[in-house]
Protein chains: 2
Amino acid sequence: MSLPHAILTALIEKPSSGLELTRRIDKSIRYFWPATHQQVYRELGRLEEAGLIRALPSSGPRKEYEVLPAGREELVAWVARPEDPKPLRSSLLLRLRAAAVVGSDGLAAELERHRALHQAQLEEYLDIERRDFTPRSEAEKDRLQHLVLQGGISLESHWVSWLDAALAELARPAPHDQPR
Amino acid sequence: MSLPHAILTALIEKPSSGLELTRRIDKSIRYFWPATHQQVYRELGRLEEAGLIRALPSSGPRKEYEVLPAGREELVAWVARPEDPKPLRSSLLLRLRAAAVVGSDGLAAELERHRALHQAQLEEYLDIERRDFTPRSEAEKDRLQHLVLQGGISLESHWVSWLDAALAELARPAPHDQPR
DNA sequence: GGATACATGTAAAGCGTTACATGATTGC
DNA sequence: GCAATCATGTAACGCTTTACATGTATCC
């Protein structure tokens, strides 16, 4: 149940219409919880029905939503609520496991491709860090957001390093098969 | 489309019935692609209908499946097939983001809890590594499986380190608010 | 023979994804 | 006025998860 809370967070920062909200999510929150406009609209409907947000009186087709006190309370409660991490699902690790059984033909190219993707994401995070965060003396709010960013940086660094090791290992001749 | 390929991989290693397959997945593959018995049965039905596996003639209620040549070919092709990584979804990072907006009450306890979970997973991986892998001179098959395990180890290490940093940061007094 | 575990499913709900539909606004 | 874009949705599908259902073997 994370998407509704992502929306509450964004709406508290600034009341928005569905599409505007989608765009704002796509500019920051999507890095650790992506959402399409269809999901956003569906959740906005549910949150309104649950009495956590309300639509502001509007002119035209745009519907602006703001968070009600009950919505803020729910978000405060959710921050402390125990919730286990989602189990890992990596099709890349699965494919290495499959390659151990049927051979690793063509796998290296795919590992290279993933390495490039993670490297690009890492650089995007580092750009954001250089642009938005100073090295020290940050306000509580900034410090928490900086922590989130550092989590992403550390995660992408892990993948790049591991892919480097995997590629080196794939390139290494097999000690038993090769030297005969 | 990863689950069917996880099942093909496990079935090539050893033909199995639905429940046995579920148990075997739960002993290794689940670390990077968990699956319940309901999912397994459904996929077995689909794979059989697609002509990738077949049920062995059996006695009793147990249905044993084995992989057909078409199934092996599909798995070989899948190993090299481009497939982007699933976008990250971390409710913990999301909650840090929410805490930046509504305050971090109760967040530290939850971070501690997650740290313990990741630490336990890390130790489980390290136990497996000590038990199943020698330091060098491994066959191609073992080297790939070792790489998978090292991926898990490095991932859990990342989370433990990051959670340590996050907890230290949360405990640190705010530079602007506090010292007045 | 009765309880327990084994084994194979069905049903339903939630979330995420892709494709499609519809009306209003804006730019030219 | 017409096209493109903005804005708000609906529909359908697949995967995951939880709960429930049903029959079979085994143990004591």
Side-chain angles (χ1 to χ4, degrees), chain A residues 1-8 10-11 14-27 29-50 53-65 78 83-91 94, chain B residues 1-8 10-11 14-27 29-50 53-65 78 83-91 94:
Chain A
M1 293 293 293
S2 292
L3 180 54
H5 299 98
I7 290 178
L8 286 175
L11 277 187
K14 180 174 178 301
S16 304
S17 69
L19 199 57
E20 188 184 352
L21 191 54
T22 304
R23 291 210 180 99
R24 288 178 46 222
I25 287 176
D26 207 55
K27 260 174 200 135
I29 290 179
R30 73 106 192 253
Y31 292 115
F32 43 94
W33 206 279
T36 63
H37 78 272
Q38 291 90 336
Q39 286 173 279
V40 169
Y41 282 120
R42 183 164 46 181
E43 282 309 327
L44 283 173
R46 289 177 189 173
L47 286 168
E48 185 175 24
E49 189 167 12
I53 64 175
R54 73 180 184 106
L56 296 172
S58 71
S59 54
R62 276 173 56 102
K63 270 203 279 187
E64 284 233 321
Y65 290 92
W78 179 73
E83 195 166 301
D84 284 354
K86 289 166 55 89
L88 171 63
R89 278 207 167 77
S90 164
S91 73
L94 197 54
Chain B
M1 292 293 293
S2 292
L3 180 53
H5 299 97
I7 289 177
L8 287 174
L11 276 188
K14 180 173 178 303
S16 305
S17 70
L19 200 56
E20 189 185 351
L21 191 54
T22 304
R23 292 210 179 100
R24 288 179 46 221
I25 287 176
D26 208 53
K27 260 176 201 132
I29 291 179
R30 73 104 193 255
Y31 292 116
F32 43 94
W33 204 281
T36 63
H37 78 271
Q38 291 90 337
Q39 284 173 279
V40 169
Y41 283 119
R42 179 165 50 181
E43 282 310 326
L44 283 174
R46 287 178 189 172
L47 287 168
E48 185 175 24
E49 189 167 14
I53 64 175
R54 74 180 182 105
L56 296 172
S58 71
S59 55
R62 275 173 57 103
K63 271 202 280 186
E64 284 235 319
Y65 290 93
W78 179 72
E83 196 166 300
D84 283 354
K86 290 166 56 88
L88 171 64
R89 280 208 165 79
S90 165
S91 73
L94 197 54

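Order of the sequence lines sets the chain letters (A, B, ...), proteins ahead of strands, with each chain counted from 1. Note: hydrogens, waters and symmetry copies are ignored here, and every other heavy atom, side chains too, is used.
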Discussion item. For a quick test of reading the model: is some side-chain N or O of B:Tyr41 closer than 4.0 Å to OP1 or OP2 of C:dT8?
Written reply: yes
Worksheet item: So, B:Arg89 side chain and A:Pro34 main chain: donor-acceptor pair closer than 3.5 Å or not?
Response: yes
Fill in: Minimum-distance nucleotide (side-chain atoms of B:Tyr65 versus D:dT8, C:dT17, C:dG9)
C:dG9
Discussion item. Output the rounded distance in Å from CG (A:Leu3) to C1' (C:dT17).
Written reply: 13 Å
Worksheet, complete the sentence: Heavy-atom nearest nucleotide on DNA chain C taken for B:Glu20 and for A:Thr36; more 5' hit belongs to B:Glu20
Discussion item. Tell me whether B:Glu48 contacts the main-chain N or O of B:Gly45 through its side chain, where contact means a donor paired with an acceptor under 3.5 Å.
Written reply: no
Practice prompt. Between B:Arg89 and B:Arg23, just flag the one whose closest nucleotide in DNA chain C comes earlier from the 5' side.
Written response: B:Arg23
Discussion item. Any N or O donor-acceptor pair under 3.5 Å from the base of C:dG14 to the side chain of A:Arg46?
Written reply: no
Discussion item. Side-chain N or O of B:Ser17 versus OP1/OP2 of C:dT8: is the shortest distance under 4.0 Å?
Written reply: yes
Worksheet item: In whole angstroms, how far is the P atom of D:dT17 from the CZ atom of B:Arg30?
Response: 13 Å
Worksheet item: Going by heavy atoms in the side chains, are A:Ser16 and A:Arg24 under 4.5 Å from each other?
Response: yes
Discussion item. Of the options D:dA7, C:dC15, C:dA7, whose atoms approach the side-chain atoms of B:Leu19 most closely?
Written reply: C:dA7
Practice prompt. Indicate whether OP1 or OP2 belonging to C:dG16 is found under 4.0 Å from a side-chain N or O atom of B:Lys86.
Written response: no
